[in-house]
Structure formats: C-alpha cells, structure tokens
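Worth saying up front: this structure is predicted, and the values here are computed from it rather than measured. Below, read A as the first sequence line, B as the second, and so on, with proteins coming before strands; counting in each chain starts at 1. For the numbers below, each heavy atom of this structure counts, side chains included, while hydrogens, waters and symmetry mates do not.
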Amino acid sequence: MTCRFDKSLRLLNAQDYQSVFDNSTVKVSCAEFLFLAQQNQLDHPRLGLVIAKKNVRLAVQRNRLKRIIRETFRQEQSRLPAIDVIVLARRGADSLENPELHRQFQQLWRQLDKRAKKRLGLSEE
RNA sequence: UGAGUCAGCUGGACGGCCGCUCGGCUUUUGCUGGGAGGAAAGUCCGGGCUCCAUAGGGUAAAGCGCCAGGUAACGCCUGGGAGGCGAGAGCCUACGGAAAGUGCAACAGAGAGUAUACCGCCGAACUCGAGUUUAUCUUGGGUGGUAAGGGUGAAAUGGUGCGGUAAGAGCGCACCGCGCAGCUGGCAACAGUCUGUGGCGAUGGUAAACCCCGCUUGGAGCAAGGCCAAAUAGGAAUCCUUUGCUGCGACCCGCAGUGGAUUCGGGUAGGCUGCUUGAGGCUUGCGGUGACGCAGGUCCCAGAUGAAUGGUCGUCCACGACAGAACCCGGCUUAUAGGCUGACUCUUUUU
RNA sequence: CGGGGCGUAGCGCAGUCUGGUAGCGCACCACACUGGGGGUGUGGGGGUCGCAGGUUCGAAUCCUGCCGUUCCGA
C-alpha cells in the first residue's frame, strides 16, 4: 500500500483538465466542494485542484485548502479506482477548520469511490 | 508610581511518525543538506535586466517644487531653515511665483478689488434760506468733507499712545510691525536687540483655478527575450528603390521594414532556458552630526511551474496577529495578537 | 503583469468637468375621487454623497491614501 504523492498522481496540463471537465461521468458534491471524475487508462488515480480566487480570497487560505485536499488524497489513494479527479472549491470553503475538513473529505472520498466503481461496473457490462 | 514620546527587536518552542520540492552523493534503492515575510500584500514611485534604433531633435502631455547632502535612482532618506501644534520629550507641513496676464468669492453687507459713504461724525470752504442784538453772529439745508465708532462677512487695506483737526485720517511724532537697500554670520535656504531708508490705500486671499518659472520623463514588459521544434501555411535572409502602409499606442521630423532581384530556410501547439551571486548578508576598523561611504575578513541563505515549504500525535507556555515568493533590487503605503529592549519628557511622592 | 470605469434615498440614475441650493423616476406614507380594490390626482417623509486625511471661508465636487465592485488587454 503506497502513500506517496508525486507528479504521476497529478493532472499536469490544461488538456488533462479540459478532458475531465468535458467528459466527467461521476460527480460528488457538498456545500463547499465539488468533485468531478473521469476514467483514465492508467493503473492509479490522479488529482487536480481548482481553488478559484473568486471563491477563496486569501492566498494563505487557498494554499491551506490545497494542502489538506492533497493530504487526504494521499491517504485514500490506494482505495480509489483509476480515475482523474478534479476538486473545485466553492465560496465559504475557507471558513472550515482543519479537523472539520479532514472529517468531510474522508466521507467524500468514500462516496466518490462507491459511485465510481458502480458507474465503471455498469459501463463494463 | 502613573501618563506619554521616539527608536529598535521578536512573530510559538521541542520531539516522534507520514509526506512535498530543489541540490549533492549513490546508483534504482536510499543517505544527506536547503526550503516564505516584515510586510512575501497594495502595485503608488524609482532602478537593474531584455527587446523595440544607437533612444536622436522639436511640440504637446504628465509629474515634481524651501536649502544642502546621501544614493544606481527616486515623488525616498539624512541634516538644516521657515511656519504651525503641544505643558514638554517631540510631532506635522504639495513650503517656488499673486510687482507677466486671465479668472473666482454663494448668502449677508453701503462697499469684495483701479475697494466702499448705509447709519453715524463735521458744517472749516463755496452756496441757498430763516432769525435778529446788523455782527468775521445764531440757525436749517445743499455742494460736500470723513474711514475714528456701529453694523455685515471667512475676508473690509497696519497696531497702541500722543499731537493735530470743523470732524477726521501716517496728516505729524514715539514705540511695535512691514517693505527695500546695505552690513555681518552661513556653501545655501535663511537669520540679526545691526545701519540706512520708505509713511505703509505701496504689495488683501485663492496657483491641490488657468497660468508663469525651474527641474525630470522615449516606449513596452520575464506572457520581456533566447534556443529546440509536431500540425498547418507559403515564406524568410542579402542587395537596390520610395508614393502609401506598418514598427510608432500623443503628434511632427527622422530612422527601419514592406515593393523588385538573388540565395535557402523560417515558424504556431508543446518543451527547454531566462531563474537566482546580488546596488547580497554578517562582522571588524576608519571617515562623517547623520543618511551613508571606504577598506579588510567571512558566508552562499527558496527557486516552484496545475505551481513545493505540509499533515498528525505528544509535552510546555504568554494559547499564537496580519498574512504565502513567481525576474530581481531600493523605497513608500496599508494590515498586524502578544512579548521584549534602550533613550527621553511630564506628573506625584520620598530623600 | 498592465490599463480603465463605477460607488449619491429601499432600487435605478442625474449633479462632479466649471466648489456655495443635493435632485429625477419607481417604491413608501397620508388625504381626495370609489360601496371596496385597482387607477388617477394632491401633499409628505426618507441621504454618514464608499472610508480616512488635506487644500479652501466653504468639498458629493479639487488633491492624496485606502476599501469594495466591475470590465478590458497580454
């Protein structure tokens, strides 16, 4: 079980991002975040982040959210199927404290895993 | 003891486990070292660097504006002057010119800029009456005189006193204030218990109104620029010529390219580079009131690129503010929990 | 990285260049017309002029610094 997080586990350019935005098959959302996902041809999941300046004003808060999201992804990655995921932050996301973020993301990653597996299972049939 | 002024520092600490990024050594598995700020922010100024022409001339436009110095440069800093505020330590100031010209001042007020006569004061001079004691007399008015007093306003053109006068007035004098010239001190701004001179309706205010004077400013920005280069399209370099067009995004001049001939390479997506050794930090000595400069020694201290510098657990305490590098520096401005240091002032009490 | 616009009554806007009285429409309140509502008419209330300094006798207006919002270019 790996817990690393290097460049192979991230979306690296605009094409990767655009592809997920155009063809997202799995969605999970809550009040402060939105997950978009698409199946990829690799043997591991990849993560991309969109934390808009419009929704989170301060750079410090944007950095904090990214770190927490990456950290939870790093811990959960072995459970996830081979998908490209983009996490978008909504307005008010910066008002959540670190422990609350950890609790929410644990739930959200599991939800995403369940839905993705269900969707991929159906498409395979 | 309390209140305050100025200058400066700090911006949670330690340990375990799991990560991220860059460098070095290993070599495909690790080891080891570095890893946000005083404002990294706002982008308000000034530079470096790069390209446009080598950055040229003129006009326009914009900015700055006491003096001297510091600096790569500045609208910054230091020292000094002047004015203002405060009991004081201290603090604040876009602080050139109103005797080049134009403009503006609501309401109120008689009058607001070649100032002004509403109330008031005067009746000397000239003049029209009345009275009589016929006088160089008394009295009423007019032509007027007056800037003392009242009143209006943000602002009404020196102040106080004495003389003077019909009443008054720098009309005259004394003192104070002001202007001009000289002298002295100072590099200068400027200053003076200095000298002379001007009666002072000369010369009101406003230039963050136009303006005048002096000084400064070419344009763009690391998505600058350079290199390697799919697809697609047909062009690019060298020589010759000059109308229009483009570079050139204030305008004109000026300069270069496009147009024709000859010779073969150019370039978007993407990648690499620019990318961190620098007007650098620390320290010692010397010069300077100081900003700062000079000399010696020593150190290498983030360099990401969907974008690293973190998460979690434990212990401790004052329970942690504002806040995240993106080419790099010098400033300015704004945000900032708490803690610490030094110098100074005032007040109270004691000696 | 660079450049512009806007902020005035609950809402949408004038006024700012050229400084002295803050105004218009809708909405709101009262009254009249109507049996009542709607509609029309008359009258009325409501403003830290985004914030803080400065210039001026006087600032929504001029100058400086902040805050918010929105747009454009590379």
Side-chain angles (χ1 to χ4, degrees):
Chain A
M1 159 172 164
T2 176
C3 289
R4 289 169 167 279
F5 183 73
D6 54 25
K7 279 189 184 175
S8 65
L9 293 169
R10 303 181 211 168
L11 298 181
L12 291 177
N13 54 41
Q15 282 155 11
D16 293 345
Y17 274 83
Q18 202 54 53
S19 165
V20 177
F21 278 122
D22 293 342
N23 309 307
S24 61
T25 51
V26 183
K27 291 182 189 177
V28 175
S29 79
C30 66
E32 289 85 11
F33 299 96
L34 172 66
F35 288 58
L36 299 176
Q38 175 201 12
Q39 188 176 8
N40 65 25
Q41 305 305 316
L42 306 166
D43 61 346
H44 55 77
R46 293 193 297 177
L47 175 69
L49 297 168
V50 177
I51 315 293
K53 205 172 192 175
K54 197 174 176 183
N55 294 333
V56 182
R57 187 171 296 284
L58 293 176
V60 169
Q61 296 301 327
R62 289 198 297 274
N63 284 341
R64 184 173 67 92
L65 288 171
K66 289 191 217 169
R67 282 164 186 158
I68 298 285
I69 294 168
R70 283 199 208 100
E71 181 65 17
T72 58
F73 177 80
R74 187 177 70 82
Q75 287 164 358
E76 299 287 330
Q77 58 172 288
S78 60
R79 300 208 189 105
L80 292 170
I83 50 172
D84 289 343
V85 187
I86 292 180
V87 181
L88 295 99
R90 291 178 164 155
R91 200 176 289 263
D94 54 331
S95 60
L96 297 174
E97 295 295 317
N98 286 3
E100 173 64 14
L101 283 170
H102 273 278
R103 204 185 58 72
Q104 278 206 19
F105 271 99
Q106 204 168 14
Q107 227 169 22
L108 288 163
W109 285 122
R110 283 191 189 149
Q111 212 174 340
L112 182 74
D113 177 42
K114 230 185 254 177
R115 288 196 193 177
K117 279 183 176 148
K118 190 175 169 191
R119 196 58 181 271
L120 296 178
L122 283 174
S123 67
E124 276 166 16
E125 287 172 12

Can you give one letter per nucleotide of nucleotides 303-309 of chain B, going 5' to 3': B for a protein heavy atom under 4.0 Å from the base, S for sugar-phosphate only, - for none?
--SBSSS
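- Residue contacts for A:R46: at a heavy-atom cut-off of 4.0 Å it reaches no nucleic acid atom on any strand shown.
- With a cut-off of 3.5 Å on both Watson-Crick or G-U wobble distances, the partner of B:rU138 is given as B:rA130.
- Contacts classified as ring pair (Phe, Tyr, Trp, His ring centres under 6.0 Å) and involving residues 60-103 of chain A (residues at least two apart or in different chains) are given here: A:F5-A:F73, A:F73-A:W109.
- Of all nucleotides present, only B:rG84 satisfies the Watson-Crick or G-U wobble test against B:rC91, with each distance under 3.5 Å.
- B:rA41 and B:rA326: their C1' atoms are spaced 14 Å apart (whole Å).
- Within residues 93-103 of chain A, the residues that have a heavy atom under 4.0 Å from RNA chain B are, in order of number, A:N98, A:H102.
- Among C:rU69, B:rG19, B:rG324, the nucleotide with an atom closest to any side-chain atom of A:L58 is B:rG324.
- Within the structure, salt bridge (charged side-chain N to carboxylate O under 4.0 Å, His left out) pairs that include any residue of residues 26-38 of chain A do not occur (at least two apart or interchain).
- With sequence neighbours left out, A:S29 forms a side chain to side chain donor-acceptor pair (under 3.5 Å) with no residue at all.
- Between A:R62 and A:E71, the residue whose closest nucleotide on RNA chain B is further toward the 5' end is A:E71.
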Just to be sure I follow the notation: if a pair is Watson-Crick (purine N1 to pyrimidine N3 plus N6-O4 or O6-N4) or a G-U wobble (N1-O2 and O6-N3), each under 3.5 Å, what dot-bracket string does RNA chain C give, with | for pairs to another strand?
(((((((..((((......[..)))).((((((.....)))))).....(((((..]....)))))))))))).
Quick one: side chains of residues 89-99 of chain A, donor-acceptor pairs under 3.5 Å with protein atoms, not counting sequence neighbours, listed by atom name and distance.
residue, atom, partner, partner atom, Å
A:R90, NH1, A:C30, O, 2.7
A:S95, OG, A:G92, O, 2.6
A:N98, OD1, A:R64, NH1, 2.7

Residues 43-53 of chain A, side-chain donor-acceptor partners within the protein, below 3.5 Å, at least two apart:
residue, atom, partner, partner atom, Å
A:R46, NE, A:D84, OD1, 3.0
A:R46, NH2, A:D84, OD2, 3.1

Nucleotides 27-32 of chain B: which of its N/O atoms have a protein N/O under 3.5 Å away?
none

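- Among B:rG311, B:rC18, B:rG324, the nucleotide with an atom closest to any side-chain atom of A:A59 is B:rG324.
- Residues forming a salt bridge (charged side-chain N to carboxylate O under 4.0 Å, His left out) with A:R115 (at least two apart in sequence, or on another chain): none.
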Could you walk me through whether A:L112 and A:V26 pass the side-chain contact (heavy atoms from CB on, under 4.5 Å) check?
CA-CA 8 Å; A:L112 182 74; A:V26 183; 4.0 Å; yes
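- Remark: A:R103 engages A:E100 in a side chain to side chain donor-acceptor pair (under 3.5 Å) (not counting sequence neighbours).
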